Each structure stands twice: as structure tokens, then as C-alpha cells.
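All values derive from a computational prediction rather than experimental measurement. Both counts, for ligands and for their atoms, begin at 1 and track the order of listing. Worth knowing before you read on, the calculation uses all heavy atoms, side chains too, and leaves out hydrogens, waters and symmetry mates.
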Amino acid sequence: MGPRRSAASSRGRLLLPLLLLGVSGFFQSYAVEVDIKDASNATCLYANWMMRFLITYESNNGDYKTTTLNLSSSATHNGSVCGNDTQAALVAVQFGEGHSWSINITKNNETYQGDFMTLTYNTNDTAVFPDAKRKGPVTIFIKDPAGPVQLNTVFVCHNSFIIEAENITQIFWNVTVQAFVQNGTVSKKETRCPADRPTSAPTVPPTSANATTPPTTAAPPAPTPPKPVENPDTGNYSLKSGNKTCFLATVGLQLNVSQDKPLLININPKTTVADGACGNTTATLKLNDGNSTLIGFTFAVKNASASVQKFYLREVNVTLLNRLNGSVISSADNNNLSKWDAFLGSSYMCRKEQTLQINENVQVHTFNLWIQPFLVEANKFATAEECLADSDLNFLIPIAVGVALGFLIILVFISYIIGRRKSRTGYQSV
Ligand SMILES: *[C@@H]1O[C@H](CO)[C@@H](O)[C@H](O)[C@H]1NC(C)=O
Ligand SMILES: *[C@@H]1O[C@H](CO)[C@@H](O)[C@H](O)[C@H]1NC(C)=O
Ligand SMILES: *[C@@H]1O[C@H](CO)[C@@H](O)[C@H](O)[C@H]1NC(C)=O
Ligand SMILES: *[C@@H]1O[C@H](CO)[C@@H](O)[C@H](O)[C@H]1NC(C)=O
Ligand SMILES: *[C@@H]1O[C@H](CO)[C@@H](O)[C@H](O)[C@H]1NC(C)=O
Ligand SMILES: *[C@@H]1O[C@H](CO)[C@@H](O)[C@H](O)[C@H]1NC(C)=O
Ligand SMILES: *[C@@H]1O[C@H](CO)[C@@H](O)[C@H](O)[C@H]1NC(C)=O
Ligand SMILES: *[C@@H]1O[C@H](CO)[C@@H](O)[C@H](O)[C@H]1NC(C)=O
Ligand SMILES: *[C@@H]1O[C@H](CO)[C@@H](O)[C@H](O)[C@H]1NC(C)=O
Ligand SMILES: *[C@@H]1O[C@H](CO)[C@@H](O)[C@H](O)[C@H]1NC(C)=O
Ligand SMILES: *[C@@H]1O[C@H](CO)[C@@H](O)[C@H](O)[C@H]1NC(C)=O
């Protein structure tokens, strides 16, 4: 079978303290080190990292199975090249029974940046794919979602991060990479990944007392009083079709997941990437918060035979992944919703908190919602239809109270008049 191509859009990162991985020694993982020298025997490309792949493949009986592909101790790095202004650098590794992985890194004026990753896995490797229906190499191309790195700095990421593509999850951790190294010396200046930055550093579990963290990353002892849960930050998300924006969303998201006890998770828009698909009658927005939470919103057009059509939110699914190995912890789906409806061609707005019940254990709370899944023009929201909760109640309540008071006054007045009439007629009749 020839190599199969899939230019998958890949997303996301998963954060995890280095220590957590250090403790779980049952993972058979090896670091790869690639140190490429140029013609003058000086280092021009340096990379040292750990990675693992979760691969979904079709088995003999037609089921899909997920397997873990680890690097072996005997990885080679044939074909890696330094690169220069005109040619991309390449880190290429070969491992196990015919598997290989590579990444192209391109240089710009001030920065370098990963371009495409290529994974070739060989389903003839019966240790990893014991019952694969189709045998042979499969090649997947995955766009690197990471941002540019300043030239002459070394990219470092101790925490783990995931990059997902069709049927493949790549998990990286303990990464040190510098392309286009100058003067043969890997820089002392680091560019840290978002996961490593102090503000987003996950708390270190108290059990991991073995001192493998360098003192620089040692967080101050964390007294963690139960914080009141704040509202989530509002994020802007959009989808494109070609180079035209076809889906717009502004929303703050919070999950309420009841496992042992209710857990509130605020989605951080800074680490969240949007993906999905636009369409004429259905549209899906998928969000990956880079911290092991995936949320999908599917909208549909109501097929009322009415001449003016409406759209509505039909389905929401939520998947939580294990931070260690990317396996699914819980998955909730409600495809029978009928929320957030508005006329086709307009947008839907609801600034007040809304709750979507996905199943008995999972709720999605939305804040500052403004969304348009269809017929977006010129990258702008169309006129909004606002939810009842937003607009009406606030000024309806005083109006209602006013009206009720008015009625009361009128009532009192009428009874007064009637009372007077009665008493008058009373007099007259006597
Ligand atoms: C991370 O890499 C460093 C060397 O680069 C190594 O000493 C350390 O053991 C690694 N940690 C883990 C958890 O693999
Ligand atoms: C490059 O340097 C290494 C060790 O520093 C040395 O063993 C090797 O012979 C050198 N190669 C060339 C081509 O100079
Ligand atoms: C870049 O590298 C390629 C291959 O190593 C080489 O052919 C080319 O001349 C180099 N370009 C520059 C500007 O150094
Ligand atoms: C990915 O898995 C799905 C089933 O989960 C399958 O239908 C599809 O063909 C697979 N794609 C690739 C590229 O293997
Ligand atoms: C490399 O060496 C040159 C000449 O010694 C120096 O000017 C330059 O700053 C050095 N670059 C780096 C990144 O150290
Ligand atoms: C990742 O999620 C956990 C659990 O919700 C949270 O404590 C942590 O702050 C999140 N990390 C980032 C960088 O958002
Ligand atoms: C989101 O979009 C709104 C309006 O388009 C803008 O005012 C706001 O600054 C944006 N927020 C972020 C975080 O980009
Ligand atoms: C979270 O969900 C549980 C059960 O679904 C519910 O009892 C609880 O009130 C919810 N908490 C919040 C803050 O919404
Ligand atoms: C809507 O319903 C009509 C008839 O009931 C059908 O012909 C048409 O294909 C439907 N449109 C969509 C988008 O489902
Ligand atoms: C969530 O729904 C979307 C759209 O139907 C689908 O593409 C995605 O695979 C679903 N995810 C899960 C985990 O069910
Ligand atoms: C991931 O880890 C959990 C426990 O840490 C384990 O139960 C699960 O089987 C693992 N999944 C994979 C695919 O390795």
C-alpha cells in the first residue's frame, strides 16, 4: 500500500508538569537527541525531546483500535539538515520497525518556525499493530500549530503538549530545540512554550518529592485555599472557508463536570484553538483548549417550510482527555438540543449566563455569547437577535410592577366610586 496523505489540521497542546511524567515510570519512553553539524563541524541544529503517538487503526475484524507508538532506544536521525535562508531545516528520525517522523523548520528574518510534521508508521510492526487490516506504511502530514520562535534562542518546553490530527495524537514533552544555531553554540536564551510560563504552570503534585525540577522552575510552596470560581474570559473564535470567514463566535465558556464532585473548568481563550466546518445547513465549531478539553457545537438550519428560515444549536459534545496520555476520560454528547435560535442571516446574542445540559454529569455554561454559524458577510456579525434573559426581564420587571400598581390604583379608585354610588343609591332608596 502506498503512503496515504492527509493534510490534517492539527491543534492544541496539553499541559502537564514534568514531575508527573517523571513519577509514572511505567512509560517506556526514550529521549531523542539530534545534533547536526555543518561543514565546519559546528552545531547548526540541536534537538532533544520525548514523544509518543496514539494511533487509531482498523483491525482485522473491522473495529478501530487505538495503539501507542513509542520511540525506541535505537532511533537514528538520517537525513536531518541544517537549513539556511533559502532551505528549510529538517529534523528527521527513524525508529522501531520502519517508523519515521520529521519536521521542517523554516527561517524568517527574526524567527524560526515549525512548518509540517510528517509521520510514517508501519502497520507491519505486529508488536504495535498486532491485527492491522491493512499492512504497510501510512504517511500523515500534520501542520505544526506552534508559533514562531525568536532566532538565536532555544525553544524549551518541559510540560507536555499534544498535537492532534486525523486519527493521530502526538504527545511531546521535555522538548529542547534550536534550529539555525549560530557560532556552533546552542543559545542560553530560552523561548518557553505557553505551558511552561509561570502564570499557567500547573500545580506540582505534593507526592512527587524527588527533586528532578531545576530550582529555577520551583514554584513557591502553594497554599491553595479554595478559590471562588471566577467567570471565564471571553474568547473570539472564527472559521474560514477558503479565505472568507464563515463562522463567528464570541463566548466565555465554563464546564461543570460531575465526576466524584462537581468540577468547574474555565476555558482559557488564549490557549484555545478553533476548528470545524461551515456548511449551508449544518455548521460545526470545535474548540480545543490545549488543556485536554474539547468542545463541539453543531448548528443546523430548521427545515420549516416557512419562507423565512431559522437556525438553532442542535448538538454539543464535550470530551475530556487524560493529561498524561491523551486517552479519553469522559465524553458527553447531546444531539437533541433546540437552543439559541435566530433567523438565518442574523446572529444570536446572549450576554447573560446560559446553561446547556449535555448529560447528567456535564453542563456547559456560556457567558457573553454572540454567535453566527451561517451567512457571515465581510467578517462581521449580522444584526443580533438577543435572548430573552438579556433584554426583556430587566426593564420588564419595573414595567410589570408599574402596570400592576396602576391596576391596583384603578381598582381602588373603581371600588371607591362604586362604594360612593352604592352609599348614594342607598340613601336615595331609603
Ligand atoms: C528531560 O530531559 C533532561 C535532559 O534534557 C533529562 O535529564 C530529564 O531526565 C528528562 N526528564 C524526563 C521526565 O524525561
Ligand atoms: C568534528 O569534531 C569531532 C569532535 O569534536 C571530531 O571527532 C571530528 O573528526 C571532526 N570532524 C571534522 C570533519 O572535522
Ligand atoms: C542553502 O543550503 C543548500 C543545501 O544545503 C545549498 O544548496 C544552498 O546554496 C544554501 N544557500 C545559501 C544561501 O547558503
Ligand atoms: C480514521 O478513523 C476513522 C474511524 O474512526 C476511519 O473511518 C478513517 O478512515 C480513518 N482515517 C484514516 C486516515 O486512517
Ligand atoms: C557569532 O559570532 C560573531 C562573531 O564572533 C558575533 O558577532 C555574533 O554576535 C555571534 N552570534 C551569536 C548569536 O552569538
Ligand atoms: C488546565 O486545566 C486545569 C484543570 O482544569 C487547571 O487547573 C489549569 O489551570 C489549566 N491550565 C491552563 C494553562 O489553563
Ligand atoms: C473580540 O472581538 C471584539 C469585537 O469584535 C473585540 O472588541 C475584542 O477586543 C476581541 N477580544 C479579543 C480577546 O480579541
Ligand atoms: C454543576 O452540576 C451539578 C450536577 O449537574 C449541579 O448540581 C450543580 O449545581 C452545578 N454547579 C454549577 C455551579 O452550575
Ligand atoms: C425541507 O423539506 C422539503 C419538503 O419537506 C424538502 O423537499 C427539502 O429537501 C428539505 N430541505 C432540507 C434542507 O432538508
Ligand atoms: C463532536 O461532534 C462533532 C460534530 O458532529 C464530531 O465531528 C466530533 O467527532 C464529535 N466528537 C466526539 C468526541 O464525539
Ligand atoms: C492512560 O492512562 C490511564 C491511567 O493513567 C490508563 O488507565 C489508560 O489505560 C491509559 N491509556 C492509554 C491509551 O495509554
Side-chain angles (χ1 to χ4, degrees), residues 34-47 77-92 102-116 148-156 176-191 225-234 251-268 289 293 295 297 313 316-320 329-334 336-337 339-340 350-369 387 389:
V34 174
D35 186 348
I36 308 297
K37 315 266 190 200
D38 62 15
S40 59
N41 212 10
T43 294
C44 59
L45 176 66
Y46 180 81
H77 51 79
N78 301 328
S80 300
V81 297
C82 296
N84 55 32
D85 285 348
T86 51
Q87 203 196 19
L90 180 71
V91 180
S102 67
I103 181 169
N104 283 14
I105 305 172
T106 54
K107 183 179 174 187
N108 301 310
N109 290 340
E110 303 288 325
T111 59
Y112 59 98
Q113 181 164 23
D115 187 6
F116 268 89
V149 178
Q150 205 65 37
L151 272 180
N152 302 323
T153 69
V154 56
F155 174 79
V156 175
T176 303
V177 181
Q178 188 178 353
F180 309 105
V181 174
Q182 281 195 1
N183 301 346
T185 316
V186 173
S187 181
K188 297 266 184 300
K189 263 193 272 168
E190 294 183 350
T191 296
K227 278 183 293 183
V229 180
E230 289 155 17
N231 283 358
D233 291 340
T234 305
V251 63
L253 289 163
Q254 183 181 67
L255 300 183
N256 174 1
V257 180
S258 310
Q259 281 171 330
D260 304 327
K261 52 184 177 162
L263 172 70
L264 291 177
I265 302 171
N266 280 348
I267 301 299
N268 179 358
D289 82 335
T293 304
I295 310 177
F297 296 91
L313 176 67
V316 175
N317 58 17
V318 175
T319 305
L320 297 180
I329 298 174
S330 86
S331 174
D333 194 346
N334 184 343
N336 197 15
L337 290 166
K339 298 264 191 186
W340 302 357
C350 202
R351 282 180 286 226
K352 289 269 164 55
E353 177 176 352
Q354 300 288 295
T355 298
L356 301 167
Q357 193 77 41
I358 313 307
N359 65 15
E360 60 278 12
N361 296 323
V362 179
Q363 291 177 346
V364 176
H365 300 293
T366 64
F367 300 82
N368 295 320
L369 173 72
C387 62

May I ask you to list the atoms of ligand 3 that are less than 4.0 angstrom from any heavy atom of Gln87?
2 (O), 3 (C), 4 (C), 5 (O)

In terms of heavy-atom contacts, Ala47 and Val91 come closest through CB-CG1, 4.5 Å

Mind listing the closest non-hydrogen atom pair of Tyr46 and Val186 along with its distance?
CB-CG2, 3.6 Å

Between Asn108 (side chain) and Glu110 (backbone), is there a donor-acceptor pair under 3.5 Å?
no

When distances are taken from atom 4 (C) of ligand 8, the protein heavy atom at minimum range is Ser258 OG, 3.6 Å

Are Asp35 and Thr43 linked by a side-chain donor-acceptor pair shorter than 3.5 Å?
yes

Report, in ascending order of atom number, the atoms of ligand 8 lying under 4.0 Å from any heavy atom of Gln363.
1 (C), 2 (O), 5 (O), 10 (C), 14 (O)

Does any part of the side chain of Val154, heavy atoms only, come nearer than 4.5 Å to the side chain of Glu190, both counted from C-beta?
yes

Heavy atoms only: give me the nearest Asn104-Ala88 pair and the separation to one decimal.
CB-CB, 4.5 Å

For ligand 5, is there an N or O atom under 3.5 Å from any N or O atom of Asn152?
no

State the atoms of ligand 3, each with its element, that fall below the 4.0 Å cut-off from a heavy-atom position in Thr86.
1 (C), 11 (N)

Closest approach of Val177 to Tyr112 (non-hydrogen atoms, all atoms of both residues):
O-OH, 3.3 Å

Numbered atoms of ligand 3 (with element) below 4.0 Å of Asn84, judged on heavy atoms
1 (C), 2 (O), 3 (C), 8 (C), 10 (C), 11 (N), 12 (C), 14 (O)

When you compare ligand 8 with Gln357, is there at least one nitrogen or oxygen pair between them that comes in under 3.5 angstrom?
no

What is the minimum heavy-atom distance between Ala179 and Ala89, and which atoms define it?
CB-CB, 4.4 Å

Could you tell me which atoms of ligand 8, counted from 1 in the order shown, lie closer than 4.0 angstrom to a heavy atom of Asn256?
1 (C), 2 (O), 3 (C), 8 (C), 10 (C), 11 (N), 12 (C), 14 (O)

Sub-4.0 Å atoms of ligand 8 with respect to non-hydrogen atoms of Glu360:
5 (O)

What's the shortest distance from atom 6 (C) of ligand 5 to any protein heavy atom, and which residue and atom give it?
Asn183 ND2, 4.1 Å

Indicate whether atom 9 (O) of ligand 8 is within a distance of less than 4.0 angstrom of some protein heavy atom.
no

Among all protein heavy atoms, pick the one closest to atom 13 (C) of ligand 5 and tell me residue, atom and distance.
Gln182 OE1, 3.5 Å

Can you confirm whether some protein heavy atom lies under 4.0 Å from atom 2 (O) of ligand 3, or whether none does?
yes

N/O donor-acceptor pair under 3.5 Å between Ser187 side chain and Asn152 backbone:
yes

